[in-house]
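Okay, structure first, notes after.
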Amino acid sequence: MTAFRALLKKELTVLFGSPVAYLVLTTVAILTAITFFEHLRLYNQQLFLYASSSMAGFESDTIPDYINLRDTVFFPVMEQLGLLLLLPIPLVTMGVFARERDTGTDELLLTSGLSPTQIVAAKFTATFGFIVLMMAVSFLYPVTAIFQGGLGLQHLMAVFMGLVLLGVAIASIGLVCSACTSSNIVAASSTITVTYLLYDFGWSYSFVGAGVANVLEVLSLHPHFSRFSEGLVSLADITFFLMMALAAAAIVRASLELRRVSA
Amino acid sequence: MSAEQVKAAEGARVEALGLTRHFGPHRALDNLDLEIEPGETFGLLGANGAGKTTFIRLATGYILPSAGAVTIDGISPTHDPRAVQARLGYVPETPRLYPELRVEGFLRFVAGLRGITGARRKRVLETVLERFRLEDVARRLIGNLSKGYRQRVSLAQAFLHEPSLLIVDEPTSGLDPLQQAEVRDVIAGLRGRRTILLCTHDLDEVRSLASRVAILHQGVLVAQGLSRDLLHGDDPLRSFRGAAVGDPGGGAA
C-alpha cells in the first residue's frame with residue numbers, strides 16, 4: 001500500500017508539475033463556456049422570436065414546450081461535451097506509460113519492488129482522478145446556470161456520472177495506447193482514432209446485418225452516454241464503462257508482463 | 001541483529017547457471033556460468049554490446065531468461081522478482097530520474113516504493129543526502145542538475161534501502177574526469193558489508209574498485225579471475241577482443 005501511495009503521489013506531482021494539466025483544464029473550461037453560452041444565445045434568440053409580435057401566425061405570448069433550458073441548452077451542450085472530450089483526454093493519457101518507457105524510468109519502477117498490478121492501479125487511479133476534476137470543471141457553467149431551469153439534482157448527478165464514466169472509458173483507451181508505445185504522439189493520435197471509431201457505430205448500421213449492428217450498438221460509447229444525459233442511470237451502462245476500464249487495466253498489466261519476455 | 005540484517009551485512013550471493021538470453025535471432029548472452037561471493041566487489045567487463053546490461057536486466061528481474069537461471073541468495077528473479085528486488089539496488093547506465101521532481105522529493109518517492117515511511121524515511125533521507133553529498137541540491141529540480149549530480153542521485157536511490165547487492169552499470173559513462181573521480185570515490189566508500197556488481201568497459205575503473213572480474217565478449221564469458229591477474233598483463237585488452245585466458249593467439253576480432 002505504501003508503494004501504491006508513493007507512486008500515486010508521484011503521478012499527481014508529475015501531472016500537475018507539467019503545463020499539460022493546466023492547459024487541458026483551461027481549454028476544457030473555455031470550450032465548455034463557449035459551447036454553453038452559444039446555446040444560451042440561440043435559446044434567447046428563439047425566445048425573442050416567439051415572443052415578438054412580428055411572428056405572424058403565432059400568439060405573441062405562446063412559447064412551444066420544446067423550447068426550454070433543458071432541451072434547447074442543457075442536452076445539446078452535454079452531447080457536444082462528450083465529443084469535446086475526445087481531444088483533451090488523450091493529451092493527459094499519452095505520456096502516462098509512453099513517457100516512462102521513452103525515458104527508461106519504467107525500468108526504475110519495475111526493479112524497485114513494485115508489481116505490475118500496483119503500477120497499473122496507481123497510474124489508472126491518478127488519471128481517473130484527473131478526469132473527475134476535468135469533468136467538474138466542464139460541468140460548472142451548465143450546472144450553475146441550469147439550476148434555475150428546473151432540472152432536478154438527481155438528473156444533474158446522472159449527467160455528471162455519465163460524463164465521468166465516458167471520460168474514464170476514453171482515458172482507459174488512452175492508457176492502453178500509451179502502454180503500447182514509447183511515443184507520446186503515437187499514443188495520442190491512436191487514442192483519438194480508436195475513440196472516434198468506438199464513439200458511435202451508428203453510421204455503419206446500414207452496411208451490416210441486424211446482428212452485427214446490435215453488437216456494434218453495444219460497443220458504441222455514445223448510446224451508453226446519451227442515456228445518462230437524459231437522466232437515466234442504468235446498471236448495464238455503468239457496467240459497460242467499468243468493464244472497459246477493467247479490460248484496459250488488464251491489457252496494460254499484460255503488456256508490462258510481456259515486456260519481461262520481449263524487451 | 002535480525003537474520004535479515006546479518007544477511008544484508010554480509011552481502012548477497014549471485015549465481016548464474018547456463019544463463020542465456022535471445023533477442024530474436026540475436027544471442028545477447030550465451031550459457032553464462034558465474035558466481036559472485038557475498039561481500040565482494042565484482043567487475044563485469046566487456047565492450048559495448050558484450051551482454052553486460054542484459055545480464056543486469058536478468059538479475060534484476062526486468063527481463064526473463066531464454067534458458068538457464070540466475071539467483072540472488074538462492075532466489076530466482078523469474079519466480080519471485082519482488083523478493084530479489086528487495087535485496088538489490090540498481091544504478092543504470094543512464095540515470096532513470098524524473099526531471100520535474102526535486103532531489104528530495106524523488107528520493108522520498110523511491111523510499112515510498114521501498115516501503116520506507118515515517119521517522120525511518122526521514123532518517124534514511126538525511127543519511128543518503130549526506131553520504132552522497134546531495135544536501136546542497138536537495139531542493140533543486142533534477143532536470144537542472146549536472147550529469148555528475150544526477151549520477152549521485154541515481155546512486156542514492158539505489159542505496160536507500162541498504163541493499164545487500166548493489167548493481168552499478170557504467171557509472172562514469174559520459175562524465176568529465178572530475179565527476180568520474182567523484183563517482184568512483186562514492187562507490188569505493190560503499191564497498192564492504194555488501195556485494196557490488198560493477199559493469200563497465202573502463203579498465204581503470206575495474207582495476208581501482210573490483211577484486212575479481214569476468215570478461216564478456218559477444219555474450220560469451222571469455223575470462224574470469226582476480227583483477228590483478230587479468231588486467232595487469234602485457235595486453236589487458238586481449239580478453240576484450242574475445243580471447244580466452246591462456247589462448248596466446250588472441251581471439252576473434
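Throughout, protein chains are lettered first and strands after them, A, B, ... in sequence-line order, and every chain is numbered starting at 1.
With a threshold of 4.5 angstrom between heavy atoms, B/P77 approaches chain A through N, CA, C or O but not through any side-chain atom. For A/E100, the part lying under 4.5 angstrom from a heavy atom of chain B is the side chain only. The contact between B/Y90 and chain A is made entirely by side chain atoms (from C-beta outward), counting heavy-atom distances below 4.5 Å. Looking at B/L58, there are no atoms closer than 4.5 Å to chain A (heavy atoms on both sides), in backbone or side chain. With a threshold of 4.5 angstrom between heavy atoms, A/T103 approaches chain B through N, CA, C or O but not through any side-chain atom. Only the side chain of B/L101 comes within contact range of chain A, with heavy atoms under 4.5 Å apart. Interface remark: A/R5 contributes no atoms to any contact with chain B (heavy atom separation under 4.5 Å). Only the side chain of B/T117 comes within contact range of chain A, with at least one heavy atom under 4.5 Å from a heavy atom of that chain.
By number of non-hydrogen pairs under 4.5 angstrom with chain A, the leading residue of B/G115, B/G61, B/G24 is B/G61. Chain B forms the most heavy-atom pairs under 4.5 Å with one residue out of A/T2, A/T105, A/V14, and that residue is A/T105.
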Would you sort out whether A/K10 and B/Y98 count as a side-chain contact (heavy atoms from CB on, under 4.5 Å), showing the intermediate values? CA-CA 10 Å; A/K10 189 278 292 178; B/Y98 296 94; 3.4 Å; yes
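The two residues B/L113 and A/A6 make their nearest non-hydrogen contact at N-CB, 3.9 Å. Residues A/G113 and B/R82 share a closest heavy-atom pair of O-CD, 3.3 Å. Summarising the geometry of A/L108 relative to B/Q157, their closest heavy-atom pair is CD1-OE1, 3.5 Å, with the distance given to 0.1 Å. The two atoms that bring B/F109 and A/L7 nearest to each other are CE1-CA, 3.8 Å, heavy atoms only.
Judged by distance alone, the side chain of B/Q85 and the main-chain N or O of A/L110 form a donor-acceptor pair under 3.5 Å.
B/F106 places none of its side-chain heavy atoms less than 4.5 Å from the side chain of A/T13. With contacts defined as side-chain heavy-atom distances shorter than 4.5 Å, the pair A/S18/B/E100 does not qualify.
Note: B/R57 CZ to A/E107 CD = 4.0 Å, rounded to the nearest 0.5 Å.
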